[in-house]
Number of protein chains: 2
Amino acid sequence: MTQRAMTARPMTERAIPPATVARLPSYRRVLMDAADAGQRTIASGAIAEAVGVHPDQVRKDLSHLATRGTRGVGYDVRALIAETSSILGLDEERTVVLVGVGNLGRALAAYEGFAPQGFRLVAVLDVDDAVIGSEVGGLRVAHLDTLPQVARREQVEMGVVAVPGPAAQAVVDTMVAAGLRTVLNFAPVHVRVPDDVAVRRVDLSTELQMLSFLRSRMRRDG
Amino acid sequence: MTQRAMTARPMTERAIPPATVARLPSYRRVLMDAADAGQRTIASGAIAEAVGVHPDQVRKDLSHLATRGTRGVGYDVRALIAETSSILGLDEERTVVLVGVGNLGRALAAYEGFAPQGFRLVAVLDVDDAVIGSEVGGLRVAHLDTLPQVARREQVEMGVVAVPGPAAQAVVDTMVAAGLRTVLNFAPVHVRVPDDVAVRRVDLSTELQMLSFLRSRMRRDG
DNA sequence: TTCTGTGAACAGATTCACAGCA
DNA sequence: TGCTGTGAATCTGTTCACAGAA
């Protein structure tokens with residue numbers, strides 16, 4: 001629909017392929033482990049081994065970054081961490097709001113993986129009076145209606161949707177109206193959003209079903 | 001490594017592309033909604049609309065199945081549900097074991113999405129004495145050491161890993177040794193498994209980071 | 001040597017274009 | 001006329017092969 005590839009863009013960054021971006025968080029994690037272990041440089045082969053891809057793939061991916069490796073040695077660990085963090089937007093703090101305080105919502109609110117990557121959960125919302133006012137993940141659950149105020153006050157950028165499927169579209173509409181521009185959707189439905197809003201969906205049921213498919217297939221192969 | 005494509009295979013099924021399989025669960029959900037609403041047939045455009053893809057894509061995907069649509073009308077809803085279920089291996093019950101009773105593990109155990117798709121959780125395991133013996137998702141938490149017995153007794157096929165990263169590889173090794181052949185890994189690390197075991201990883205942090213990337217990019221585009 | 005960087009070959013997935021049946 | 005089915009064209013991603021710097 002929109003013509004992106006032809007758009008003039010500052011030379012500093014050259015349209016990193018989505019497939020590469022998807023691997024960057026894994027690379028970054030390995031790099032941070034290496035840094036913790038005191039390593040100053042790391043070879044593509046070592047990253048590849050830890051992440052489970054081909055070394056070729058790692059080098060091709062890293063060739064989209066500005067950081068260059070040195071032949072016979074590898075890449076500078078600190079430089080790569082800095083650049084991947086910057087590309088992924090992890091050098092500035094991102095505020096997150098969570099909607100839906102069921103089992104999954106509660107688990108997400110308590111999830112320890114948010115904070116270390118710079119994601120700060122600033123509000124937990126629901127529409128059910130039974131849970132509003134209770135404490136979840138160190139925050140008091142408020143009514144979904146307060147989202148616009150919270151979003152403005154805290155400059156919230158990301159929304160996490162952990163409500164049942166039928167409620168998801170309405171929640172996302174509310175988020176979009178409140179100015180959120182990225183949404184992580186755990187409901188098992190596709191939601192419609194304007195072009196300038198990004199949505200990613202995580203569906204446990206889909207994952208299980210794909211595994212189930214692989215299982216069926218394997219029994220015949222083996 | 002293994003040569004699959006050339007393997008002789010019963011004509012009844014012709015190697016469905018992975019990308020298609022990944023969309024099948026979504027199609028199936030839409031079909032079930034349509035069936036609930038009393039619809040007997042459905043057009044590719046309607047499925048596409050609900051799932052958020054091109055109608056062309058839906059038709060190409062469905063062309064890999066045996067069920068054919070009728071021109072000017074659409075596809076038979078019941079027939080498609082039956083065939084997608086069969087392909088995804090959802091016509092037989094799959095037994096699942098969950099390891100790791102942290103926040104996420106508890107949420108997964110209580111997750112209502114397992115049962116309706118034919119996934120039956122038969123055991124919840126951990127290594128922490130503090131949680132062993134407690135009840136989670138209607139099951140009493142047992143020690144990970146009991147996995148081999150449970151796996152044999154219940155013919156367990158799938159394992160869900162909800163333990164911290166550093167513990168994941170050992171847990172998966174135990175699962176593989178106990179005969180499980182598919183693993184859904186929520187730990188943020190790559191785990192090594194033999195060729196005949198399938199692993200899928202779901203990483204919340206990766207999803208957030210990809211959204212964060214999109215957010216950074218959008219601010220410049222818009 | 002060892003390990004990077006990249007063009008070229010290849011493979012897979014999506015979109016287009018259109019023929020053809022109800 | 002509406003919607004399926006599919007070859008062809010295109011696009012995207014992966015793997016190969018190898019030149020070249022430390």
Side-chain angles (χ1 to χ4, degrees), chain A residues 1-7 14-24 26-27 30-31 34 39-77 79-80 83-84 190 210 213 217, chain B residues 1-6 14-24 26-27 30-31 34 39-77 79-80 83-84 190 210 213-214 217:
Chain A
M1 183 160 283
T2 32
Q3 194 82 353
R4 282 178 205 275
M6 290 292 121
T7 313
R14 318 204 133 281
I16 301 175
T20 293
V21 175
R23 282 184 291 266
L24 250 28
S26 292
Y27 294 170
V30 170
L31 291 164
Q39 272 183 71
R40 308 206 127 251
T41 71
I42 190 166
S44 60
I47 300 176
E49 164 84 355
V51 169
V53 300
H54 272 232
D56 292 348
Q57 182 77 80
V58 173
R59 291 206 304 281
K60 183 71 100 186
D61 285 337
L62 296 184
S63 77
H64 298 292
L65 313 197
T67 308
R68 318 269 78 182
T70 42
R71 295 160 200 228
V73 180
Y75 299 84
D76 184 88
V77 172
L80 272 191
E83 193 179 1
T84 51
H190 169 76
M210 290 189 67
F213 167 82
R217 232 172 61 98
Chain B
M1 183 157 280
T2 31
Q3 193 81 354
R4 284 178 202 276
M6 289 293 120
R14 319 202 132 284
I16 301 175
T20 294
V21 174
R23 282 184 292 267
L24 251 27
S26 292
Y27 294 169
V30 170
L31 291 164
Q39 272 183 68
R40 307 206 126 251
T41 71
I42 190 167
S44 61
I47 299 175
E49 164 85 355
V51 168
V53 300
H54 272 233
D56 292 350
Q57 183 76 82
V58 173
R59 291 207 303 282
K60 183 71 99 186
D61 284 338
L62 297 184
S63 77
H64 298 293
L65 313 197
T67 308
R68 318 270 76 181
T70 42
R71 293 158 202 233
V73 180
Y75 300 84
D76 184 89
V77 173
L80 272 191
E83 194 178 2
T84 51
H190 168 76
M210 290 190 67
F213 167 82
L214 293 171
R217 232 174 62 97

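Values below: every heavy atom of this structure, side chains too, minus hydrogens, waters and symmetry copies.
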For nucleotides 18-22 of chain D, list the nitrogen or oxygen atoms of the protein found under 3.5 Å from its nitrogen or oxygen atoms, one pair per line.
from	atom 1	to	atom 2	distance (Å)
dG20(D)	N3	Arg71(A)	NH1	3.0

Exercise: identify the closest heavy-atom pair between Ala50(B) and Val30(B): CB-CG2, 3.7 Å
side-chain contact (heavy atoms from CB on, under 4.5 Å) between Val51(A) and Arg23(A), intermediate numbers included: CA-CA 9 Å; Val51(A) 169; Arg23(A) 282 184 291 266; 5.6 Å; no
For the residue pair Gly52(A) and His190(B), what are the closest heavy atoms and their distance? CA-NE2, 3.4 Å
Starting at OH of Tyr75(A), measure out to CD1 of Ile47(A) and round the result to the nearest 0.5 Å. 7.0 Å
I want to verify a distance call: between dG5(D), dC16(D), dA8(D), whose nearest atom is closest to the His54(A) side chain? dC16(D)
Testing the basics here: between Ala48(A) and His54(A), what is the closest heavy-atom pair and its distance to 0.1 Å? CB-C, 3.7 Å
Rounded to whole angstrom units, what separation is found between the NZ atom of Lys60(A) and the C1' atom of dT12(D)? 12 Å
Between which nucleotides of DNA chain C, read 5' to 3', does contact with chain A run, using atoms under 4.0 Å from its heavy atoms? dT2(C) to dA8(C)
Start with the C-alpha gap between Tyr27(A) and Val58(A), add the side-chain angles, then the distance that decides, and say whether side-chain contact (heavy atoms from CB on, under 4.5 Å) holds. CA-CA 8 Å; Tyr27(A) 294 170; Val58(A) 173; 3.7 Å; yes
Testing the basics here: between Val73(A) and Ala43(A), what is the closest heavy-atom pair and its distance to 0.1 Å? O-CB, 4.2 Å
Taking all non-hydrogen atoms of both residues into account, name the closest pair between Leu62(A) and Arg68(A) and its distance. O-NH2, 3.7 Å
Rounding to 0.5 Å, atoms CG (Asp61(B)) and CG (Leu24(B)) come to a distance of 7.5 Å
Residue-level proximity of residues 42-52 of chain B to DNA chain C when a heavy atom falls under 4.0 Å: none
How many Å lie between NE2 on His64(B) and P on dT4(D), as a whole number? 16 Å
Closest non-hydrogen contact found for Glu83(B) with Ala66(B) is OE2-N, 2.6 Å
Can you tell me how far P of dT4(D) sits from CG of Leu65(B), to the nearest Å? 13 Å
NA contact type, Pro18(B), heavy-atom cut-off 4.0 Å: base, sugar-phosphate, or nothing? sugar-phosphate
Given atom CG of Asp76(B) and atom P of dT4(D), what is their separation to the nearest angstrom? 13 Å
For Ile16(A), is there any backbone N or O sitting under 3.5 Å from a side-chain donor or acceptor partner on Thr20(A)? no
